[in-house]
Amino acid sequence: MSLPSKAFQRWLHGIAPNTSTADVCRFSGVKRTTLAQQLVRGKVAESSLVSISRAFDMNPFDALGQFEAYAALRGTPVPPTDAELVSQVSTMDLLRAVVERSDPRDDVPPLVLAETPHPSSVRNWVDAIDDGELRHRVSAATGIAPQNFSAHLTANRLPPELALATSRAAGVGPAGGLVASGLVTEAEAGWAPGARREALDRMTEGELALLAGERLQALGKALRRHEHELDHSNRIWENLG
């Protein structure tokens, strides 16, 4: 979707009225040429706004909400569901939780969850909110072909506008997809500290084991696919001599 450059420039003038573009880029880490090109094209990437917001101690989630395309982010944050929270626990941490729950030991420190996002955070988030028809509703609402939507999930990426459309189609809060894709952090999205761990702890042993099994199966398929692609590439190089 990106942000209209005129609206972005008004926003930037509001938070840094006496700061040059060169200084803004130096403070935020955004390349000057990149921002200049985006402004010339009339479309500024959301990631640029996020980096600049953080550089000027502004919550990027709130900053995005100032733009009409992200009006859904305004107001009181909608808390994530337990399924969304657990989807943002990595597979390795999920397996560690199974071990911790089944074989508790006093001499082992409690599990500390890795930060979001993780290698399958986008697909896991979509799976967590999917009632079986979500992909079709997103396709109908946005015009994206189902295979292209699936390609985003496989690559573990989700453009911000597609993340919002997916949240809307699933009837959940607008923040989940932005967290899963890594655009904003849990804290920036208003998720309570420790919310993921608390959601994990609320799962029964059976639910935890079943989810871990599903994740392992998905991981196995991904690894097999990667191995097949690597083998195919090696064969091509061998044939080329």
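- Salt bridge absent: Lys43 and Glu161 never bring a charged side-chain N and a carboxylate O closer than 4.0 Å.
- For the pair Ser150 (side chain) and Pro146 (backbone), a donor-acceptor distance under 3.5 Å is present.
- With sequence neighbours excluded, the residues that form a side chain to side chain contact (heavy atoms under 4.5 Å, CB included) with Ala7 are Pro4, Arg10, Phe67.
- Smallest separation of non-hydrogen atoms from Pro160 and Leu183: CG-CD2, 3.8 Å.
- Residues Val184 and Trp191 are not in side-chain contact: their nearest non-hydrogen atoms beyond the backbone lie 4.5 Å or more apart.
- For CZ of Arg32, the number of neighbouring non-hydrogen atoms (other residues, nucleotides, ligands) closer than 6.0 Å is 12 at most.
- Side-chain contact check for Val179 versus Glu84: every heavy-atom pair is 4.5 Å or farther apart.
- Partners of Asn148 by side chain to side chain contact (heavy atoms under 4.5 Å, CB included), not counting sequence neighbours, listed by chain and number: Ile144, Ala145.
- Contact record, Ser28 with Ser51: CB-O, 3.7 Å, taken as the closest heavy-atom pair.
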Steps toward side-chain contact (heavy atoms from CB on, under 4.5 Å) verdict (Leu134, Thr166): CA-CA 8 Å; Leu134 178 61; Thr166 303; 3.9 Å; yes
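- Every pair passing salt bridge (Lys or Arg N to Asp or Glu O under 4.0 Å) that includes a residue from residues 49-59 is listed here, sequence neighbours excluded: Arg54-Glu188.
- Under the rule for a side chain to side chain contact (heavy atoms under 4.5 Å, CB included), the partners of Ser53 that lie at least two apart in sequence or sit in another chain are Trp11, Leu49, Met58, Pro60, Ala63.
- Crowding of Asp106 atom CG: a count of heavy atoms from other residues, nucleotides or ligands under 6.0 Å not exceeding 12.
- Within the 3.5 Å criterion, the main-chain N or O of Ser120 finds a donor-acceptor partner in the side chain of Asn124.
- Clustering of Ile, Leu, Val, Met, Phe, Trp and Tyr side chains at separations under 4.5 Å places Leu113 together with Val86, Val89, Leu94, Val98, Leu111, Leu200, Met203, Leu208, Leu211.
- The shortest side-chain heavy-atom distance between Phe149 and Ser139 does not fall under the 4.5 Å cut-off.
- When the side chain to side chain contact (heavy atoms under 4.5 Å, CB included) test is applied to Asn156, the partners found at least two apart in sequence or on another chain are Ser121, Val122.
- Residues Gln38 and Thr34 meet the side-chain proximity criterion, which asks for heavy atoms closer than 4.5 Å.
- Taking a 6.0 Å sphere around CD of Glu115, one finds it holds 12 or fewer heavy atoms contributed by other residues, nucleotides or ligands.
- At a threshold of 4.0 Å, the pair Arg135-Asp127 counts as salt-bridged, since one of the basic side-chain nitrogens sits closer than that to a carboxylate oxygen.
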